[in-house]
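Protein chains get the first letters and strands the later ones, always in sequence-line order, with residue 1 at the start of each.
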2 protein chains.
Amino acid sequence: MFQAETRIEELISKLREQGYRVTPQRAAVVRVLASSQEHPSVEQIYDSVRVDFPMTSLATVYKTLAVLKDMGEVFELTIAGQSSRYDGCRPHSHPHLICVECGRITDLDIAPVGETCEKVAKRTGYRILHHRHDFFGVCPDCAGDSEHREEAHVGARAQQRLVP
Amino acid sequence: MFQAETRIEELISKLREQGYRVTPQRAAVVRVLASSQEHPSVEQIYDSVRVDFPMTSLATVYKTLAVLKDMGEVFELTIAGQSSRYDGCRPHSHPHLICVECGRITDLDIAPVGETCEKVAKRTGYRILHHRHDFFGVCPDCAGDSEHREEAHVGARAQQRLVP
DNA sequence: GTATTTGCAAAAAATTTGCTATGGT
DNA sequence: ACCATAGCAAATTTTTTGCAAATAC
């Protein structure tokens, strides 16, 4: 929130530096990414962007995200059973906490495992680019809900299949 | 490879215990999952299964994987830009090494972060179910390839006086 | 002015689902 | 025999792409 403006400027600059054109649509996507803690989906980014730029297309959002991903400024969080979420606030790998019920994604500030990256590189001979460390669980809200209404509560956002 | 048989039996038993019927198709999927280190995709599982059971359908593979995932015996590794891969050899969360060039996925045997899970649970109030710790990088083979490609591509002239 | 980028709509992937016949228990 | 499951094809969902028109630089 605080650093959102800074991050927006940073991303805009980097786009320019790399020879990309800064269109209003791209700027809008950047703004949404930099100012949200929500790790939004493409659809959510699209909706937010269209508040200010109703002419923006979904394809453009995808294309912009592809550019930012290639630049290494945005990380795509693929998740089983739902569409990808995007993290553009912090350029560096950091752990996430993901509620498997409601889909909420939170940044974690636990000690980074930076040294482990180097350890892995040394041991395996890989050149490590980044890593993902995500914890999946049930958030307090959803835990409370499911205690009370186990069967009725099928997460509002999370589509889970029911199996006998 | 050694423990494959054991793991196959284990999975079959667990299916039975939970009231699922053990069909030849399901057994075949289990066999592929338990005996491969490759973290196969659905398509690869499908192809392997069809060697022995050519009548098996892709939908059945998906359905079987859904069952095994729900049982917590198979983990779906979602990856940006490609279809999911499945890890059914070890039931417990463990880190992976993923080559972003060739897609190869290798199990890592570095120290588990079990205590971190509990730490996260304590700190956040989430009930942690599992976690993902994956390192993305370029494997030695692919690194070699791209070095050669680059050299060939740059050509003799450009090489003479370039920055270290 | 020119090359990139947009938006659209259509295509391509990837995954799921509904329904009936089949087959495990 | 009963009911879960397989197979198939159609439906969904998610993401990508080709191309003419618009536009950032």
Side-chain angles (χ1 to χ4, degrees), chain A residues 11-30 39-47 49-50 52-71 74-86 103 154 157-164, chain B residues 11-30 32 39-47 49-50 52-71 74-86 103:
Chain A
L11 286 175
I12 300 285
S13 300
K14 287 194 174 176
L15 279 169
R16 277 220 177 73
E17 278 166 26
Q18 314 231 356
Y20 293 106
R21 292 187 179 172
V22 179
T23 63
Q25 292 91 336
R26 281 181 178 167
V29 169
V30 161
H39 305 83
S41 66
V42 169
E43 214 60 52
Q44 291 170 321
I45 296 170
Y46 176 62
D47 289 343
V49 165
R50 280 172 74 92
D52 295 316
F53 297 91
M55 77 298 288
T56 307
S57 76
L58 196 53
T60 295
V61 176
Y62 272 108
K63 284 169 185 169
T64 301
L65 287 170
V67 166
L68 293 168
K69 274 194 293 177
D70 282 347
M71 290 172 39
V74 158
F75 189 75
E76 178 178 352
L77 280 165
T78 60
I79 301 180
Q82 36 183 302
S83 55
S84 287
R85 309 278 290 266
Y86 294 84
V154 178
R157 297 185 204 168
Q159 311 83 339
Q160 298 284 70
R161 80 205 61 74
L162 298 176
V163 170
Chain B
L11 286 176
I12 300 284
S13 301
K14 288 194 173 175
L15 279 169
R16 276 221 178 73
E17 278 167 25
Q18 315 231 354
Y20 292 107
R21 292 185 181 174
V22 179
T23 62
Q25 293 90 336
R26 281 182 178 168
V29 169
V30 161
V32 172
H39 306 81
S41 66
V42 169
E43 213 62 50
Q44 289 171 320
I45 295 170
Y46 177 62
D47 289 343
V49 165
R50 280 173 73 93
D52 295 316
F53 297 91
M55 75 298 288
T56 308
S57 76
L58 196 53
T60 295
V61 176
Y62 273 108
K63 285 169 184 167
T64 301
L65 287 170
V67 166
L68 293 169
K69 273 194 294 177
D70 283 347
M71 289 171 41
V74 158
F75 189 75
E76 178 179 353
L77 278 165
T78 60
I79 302 180
Q82 37 184 300
S83 54
S84 287
R85 310 279 289 267
Y86 294 84

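- Contact annotation: A:Thr60 reaches the phosphate of C:dG7 (side-chain N/O to OP1 or OP2, under 4.0 Å).
- Taking atom CG of residue A:Leu68 and atom P of nucleotide C:dT5, one finds them 12 Å apart after rounding to whole Å.
- Atoms CD1 (A:Ile79) and C1' (C:dT15) sit 17 Å apart, rounded to a whole Å.
- In this structure, B:Gly81 and B:Thr56 both approach DNA chain D, and ranking their closest nucleotides by distance from the 5' end singles out B:Thr56.
- Counting only heavy atoms from C-beta outward, the side chains of A:Thr64 and A:Ile45 never approach each other to under 4.5 Å.
- When distances are taken from the side chain of A:Leu58 to each of D:dT15, C:dG7, C:dT15, the shortest belongs to D:dT15.
- Put simply, B:Tyr62 has a side-chain N or O that comes within less than 4.0 Å of OP1 or OP2 on C:dT15.
- Using a 4.0 Å cut-off, some side-chain N or O of A:Arg26 falls inside it from OP1 or OP2 of C:dT6.
- Between atom CE of residue B:Met55 and atom OG1 of residue B:Thr60 there is a gap of 11.0 Å, rounded to the nearest 0.5 Å.
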Reading nucleotides 18-25 of chain C from 5' to 3' and marking B where a protein heavy atom lies under 4.0 Å of the base, S where only the sugar-phosphate is that close, and - otherwise, the string is B----BBS
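- Rounded to 10 degrees, the angle separating the terminal helix axes of the helix from C:dG1-D:dC25 to C:dT25-D:dA1, each built from five base pairs, is 50°.
- Counting to the nearest Å, the C1' atom of C:dT15 and the CZ atom of B:Arg85 are 17 Å from each other.
- Nearer to the 5' terminus of DNA chain C, by closest-nucleotide assignment, is the contact made by A:Gly19 (compared with the other of A:Gly19 and A:Arg50).
- In terms of phosphate contacts, A:Ser84 brings a side-chain nitrogen or oxygen within less than 4.0 Å of OP1 or OP2 of D:dT15.
- Taking atom CE of residue A:Met55 and atom C1' of nucleotide D:dT23, one finds them 13 Å apart after rounding to whole Å.
- Inspection of the A:Gln25 and A:Thr56 side chains reveals no N or O donor paired with an N or O acceptor under 3.5 Å.
- Residues passing the side-chain hydrogen bond (donor to acceptor under 3.5 Å, both in side chains) test with B:Gln44, sequence neighbours excluded: B:Ser41.
- The CG atom of A:Leu77 sits 13 Å away from the P atom of D:dT15 (whole-angstrom rounding).
- Taking atom CD on B:Gln18 and atom P on D:dA4, their separation rounds to 16 Å, with Å as the unit.
- Rounded to whole angstrom, the span from the CD atom of A:Gln82 across to the C1' atom of C:dT16 amounts to 16 Å.
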